[in-house]
Amino acid sequence: MAAPDTPPSAASPAPATPAAGRRTLTVCGAAHALHDGYTDLLNVLFPLLQAQFGLGYAAIGGLRATYSTAMAAGQIPSGLAAERFGGHLVLALGTALAAIGYLVAGHGGGLAGVALGILLSGLGSSAQHPVGSSLVAGAYAGTRSRAALGAYNFTGDLGKMLIPAGFAAMATLLPWRTSLMIVGGLGLALAVLLPLALAHERRAMAVSRVAPATSEPDAPAGRLFTGPFNLLLTMQIVDSLTRAGFLTFLPFLLQSKGANLPTIGLALSLLFAGGAAGKLACGWLGDRWGVLPTVFATEFLTAAGIVALIPLPLDAALVLLPLVGVALNGTSSVLYGTVPEFVAPERRTRAFSVFYTGGSVAGATGPILYGALGDGIGLTPMLMAVAAVALLSLPLASALRPALRAVPAR
């Protein structure tokens, strides 16, 4: 069935020059670093909130779900808005709202004010993944998109390393509310710069309204929700369930081993340093080994790493965390980079919106379920359950094999 007419994509309105492509990757990478850092800053904030407000694991999961639900709710509208108004504008407005959320959370108002700020920040961050991924995929069309998306995902892990650790360091010297407001101010500054830095994308979109971009010759056409895309989406959901559950409750596992706040910040930095390396390595391995062997390796090692962390003393756990990070975050680089292979270019923004929404829904529901489970049976059995969920990706990856064989050779 022929693809229906759609508005010109805000992600790939016209072929990008090499210089414009590099600029798009750099700017979107900076936004990715900030937003992913904002997301994982919560893992440092939660123990502080537990100490101040006496929260249980289920309540912590509920706060995480507030952020992830807001992110999930905004991703598809953000993708549609980017098609209509341009990715540069939507990305800037989303960044500003995410920053304002942390300013609200830091300003005061008790737990309700913090929850409102977390909700606003999650809603603002909903724009970054679908819009940023689409901009990068459009700037590096065809066979180059997977490597470019791997580099883009790598920048997110740089933010995960730097921003939570920076917040943890500030929170040892300043009140945590003041530290949140400083981090929010950083986001507002980036939001002002984004439209200027992406001016080339705005001009390209204006051109595309006069002369719409042509489709790439090797891209699939037809309906968006194909069987292979649905399988890939399901794998993303399983991967997000595992990652959200582990990241939310890892600080509490470390606390049980005697870690203080700076040590928790260091631990998350080590984890995300491994994750950054894993995204680069797994993007490379996905091209050479193939998607399936890479996913099998990363998901199995994720499950094994989580189980191994539980009995280890704190020092040994810190040594293992970078290796766990390689596997934990490496899968996503392969999954994100495979999305363009199963959708037509004009549907790329919507496909990424749906793809990231699935992950955000999993990120919202997973911590609630795991938190309730942890309150009922304890932290250690709950983390064992998180490890078991990671293994659900293995049969899904096997089912994707025929579709990957049908993709034209790179």
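In this chain, numbering begins with 1 at the start of the sequence shown.
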Of all pairs that satisfy side chain to side chain donor-acceptor pair (under 3.5 Å), the ones with a partner from residues 381-397, not counting sequence neighbours: Glu299-Ser393
Is there any salt bridge (Lys or Arg N to Asp or Glu O under 4.0 Å) pair reaching into residues 232-241, and which pairs are they, with sequence neighbours excluded? Asp239-Arg243
Tell me, please, which residues at least two apart from [X] pass side-chain contact (heavy atoms from CB on, under 4.5 Å).
X	answer
Ala92	Leu194, Pro195
Pro228	Thr226, Phe342, Leu400, Ala403
Ser398	Phe296, Arg401

Partners passing side-chain hydrogen bond (donor to acceptor under 3.5 Å, both in side chains) against [X] (at least two apart in sequence or in another chain):
X	value
Thr263	Asn260
Ser240	none
Tyr102	none
Asn43	Asp40, Arg64

Heavy-atom side-chain proximity of [X] to [Y] below 4.5 angstrom:
X	Y	result
Pro47	Gln255	yes
Leu63	Leu42	no
Leu247	Leu271	yes
Val295	Met235	yes
Leu93	Phe85	no
Leu266	Leu270	yes

Please name the pair of heavy atoms, one in [X] and one in [Y], separated by the smallest distance, quoted to 0.1 Å.
X	Y	answer
Ala267	Leu321	CB-CD1, 3.6 Å
Pro313	Lys257	C-CD, 4.3 Å
Cys28	Leu135	SG-CD1, 3.7 Å
Pro130	Ala127	CD-O, 3.7 Å
Leu233	Gly358	CD1-CA, 4.1 Å
Leu391	Ala303	CD2-CB, 3.8 Å

Does the [X] side chain pair with the main chain of [Y], one donor and one acceptor, at a distance under 3.5 Å?
X	Y	value
Thr155	Tyr152	yes
Tyr38	Gly187	yes
Ser126	Leu123	yes
Ser256	Leu253	yes
Ser121	Gly101	no
Thr178	Leu174	no
Thr24	Ala139	no

Pair Val324-Leu320, side chain to side chain contact (heavy atoms under 4.5 Å, CB included): steps then yes or no: CA-CA 6 Å; Val324 176; Leu320 182 60; 3.9 Å; yes
With rounding to the nearest 0.5 angstrom, report the [atom1] to [atom2] distance, [X] to [Y].
X	Y	atom1	atom2	answer
Thr95	Leu186	OG1	CG	10.5 Å
Thr357	Ile76	OG1	CD1	4.0 Å
Lys160	Ser269	NZ	OG	12.5 Å
Leu392	Thr242	CG	OG1	7.5 Å
Ile60	Phe252	CD1	CZ	4.5 Å
Leu45	Leu180	CG	CG	5.5 Å

For residues 164-173, please give each side-chain donor-acceptor pair under 3.5 Å, one per line with the distance, not counting sequence neighbours.
residue, atom, partner, partner atom, Å
Thr172, OG1, Ala169, O, 2.6

Test side chain to side chain contact (heavy atoms under 4.5 Å, CB included) on Leu103 and Leu188; report intermediate values, then the result. CA-CA 10 Å; Leu103 292 174; Leu188 279 181; 3.6 Å; yes
With side chain to side chain contact (heavy atoms under 4.5 Å, CB included) as the test, would you mind laying out the steps for Val114 and Arg177 before giving the verdict? CA-CA 9 Å; Val114 173; Arg177 291 184 183 276; 4.1 Å; yes
His129: partners by ring-ring contact (aromatic ring centres under 6.0 Å, His included), with sequence neighbours left out: His32, Tyr356
Donor on one side chain, acceptor on other, Gln75 and Ser360, under 3.5 Å: yes
Does a side chain donor of either Thr248 or Tyr370 reach within less than 3.5 Å of an acceptor in the other side chain? no
Applying the side chain to side chain contact (heavy atoms under 4.5 Å, CB included) criterion to Pro251, which one of Leu261, Ile264, Val44 satisfies it? Ile264
Distance-only donor-acceptor hits, side chain of residues 374-390, under 3.5 Å, sequence neighbours excluded:
residue, atom, partner, partner atom, Å
Asp375, OD1, Tyr57, N, 3.3
Asp375, OD2, Ala58, N, 2.9

Could you check Leu111 against Leu55 for side chain to side chain contact (heavy atoms under 4.5 Å, CB included), going step by step and ending with a plain yes or no? CA-CA 10 Å; Leu111 183 59; Leu55 304 179; 3.9 Å; yes
